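Written below as C-alpha cells is the structure these notes are about.
All figures in this text were calculated on a predicted structure; none of them were measured in a lab.
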Amino acid sequence: QMQLVESGGRLVQAGGSLRLSCAATGHTFTSYTMGWFRRAPGKEREFVATIGWNGGVTYYADSVSGRFTISRDDVKKTVYLQMDSLKPEDTAVYYCAATLAVATMSRARYDVWGQGTQVTVSS
C-alpha cells in the first residue's frame with residue numbers, strides 16, 4: 001500500500017513563497033497521478049493541482065493558476081507544490097493524494113491520502 005508524507009508547511013508572510021513536498025513509499029510511484037488538495041478552516045477540502053503519471057498533464061484550480069506549480073521527481077518518488085505570491089486565503093492544511101486514474105480534479109477519484117501539512121499566510 002502506498003503511503004504519502006507531506007512536508008514544508010509553515011508560517012509565511014503574504015507575497016512570500018513556499019515549496020511543499022510529498023514523499024511516497026510503497027507501490028510504483030510512476031503509475032500514479034498525484035494531486036494536491038487543501039482544506040481551509042470551516043471549509044470543505046478542495047482541489048489545488050494535479051499532475052499525470054508521466055508529468056505531461058497538469059491542472060490547476062482557478063484560484064491558484066499562475067501562482068502555484070506542481071511537479072514530480074519519479075526517481076525520488078516525490079511530488080512538489082511550488083507556491084508563489086501567497087495570499088492569506090491560501091491558509092489551509094495541504095494534502096497530497098494519489099490515484100491510478102488519469103489526471104483529475106475530482107477528490108473522489110483519489111484513494112491514497114497523506115496526513116497534511118499546515119500552511120499559514122499572514123497579512
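Counting only distance, with no hydrogens or angles, the side chain of Gln82 and the backbone of Thr69 share no donor-acceptor pair below 3.5 Å. Under a 3.5 Å cut-off, the side chain of Thr28 and the backbone N or O of Thr30 do not form any donor-acceptor pair. Remark: the backbone N or O of Ala101 is paired with a side-chain donor or acceptor of Thr33 at under 3.5 angstrom. Put simply, the side chain of Asp74 never gets that close to the backbone of Lys77: no donor and acceptor are under 3.5 Å apart. Arg107 contributes a side-chain N or O that, together with a main-chain N or O of Arg45, makes up a donor-acceptor pair within less than 3.5 Å. Put simply, the side chain of Tyr110 gets close to the backbone of Thr104: a donor and an acceptor are under 3.5 Å apart.
Taking each heavy atom of Ser71 and Val79 in turn, the nearest pair found is O-CG2, 3.1 Å. Heavy atoms only, all atoms of each residue included: Leu20 and Gly8 are closest at CD2-C, 3.6 Å. Between Leu11 and Ser122, the closest heavy-atom pair is CD1-CB, 4.2 Å. The two residues Ile70 and Tyr60 make their nearest non-hydrogen contact at N-OH, 2.9 Å. Closest approach of Thr78 and Ala23 over heavy atoms only: OG1-CA, 4.0 Å. For Gln118 against Ala92, the heavy-atom pair with the smallest separation is NE2-O, 3.5 Å.
Between Arg38 and Glu46, at least one side-chain nitrogen of the basic residue sits less than 4.0 Å from a carboxylate oxygen of the acidic one, meeting the salt-bridge criterion.
Between Glu6 and the options Trp36, Tyr94, Trp113, a side chain to side chain contact (heavy atoms under 4.5 Å, CB included) holds for only Trp36.
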- request: Any chance you could lay out the side chain to side chain contact (heavy atoms under 4.5 Å, CB included) test for Leu18 and Val119, step after step, and finish with the verdict?
  value: CA-CA 9 Å; Leu18 276 180; Val119 173; 3.8 Å; yes

message: Please determine whether side chain to side chain contact (heavy atoms under 4.5 Å, CB included) holds for the pair Arg72 and Tyr80, giving the CA-CA distance in whole Å, both sets of side-chain angles, and the decisive distance to 0.1 Å.
response: CA-CA 6 Å; Arg72 63 190 296 159; Tyr80 303 99; over 6 Å; no

- request: Check the pair Ser17 / Val12 against side chain to side chain contact (heavy atoms under 4.5 Å, CB included), numbers first and verdict last.
  value: CA-CA 8 Å; Ser17 297; Val12 63; over 6 Å; no

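A search for ring-ring contact (aromatic ring centres under 6.0 Å, His included) contacts involving Phe47 returns Phe37, not counting sequence neighbours.
Side-chain contact annotation: Thr117 with Tyr95, donor-acceptor N/O pair under 3.5 Å absent.
Within a 6.0 Å radius of CE in Met2, more than 12 heavy atoms belonging to other residues, nucleotides or ligands are found. Within a 6.0 Å radius of CD in Glu89, other residues, nucleotides and ligands contribute more than 12 heavy atoms.
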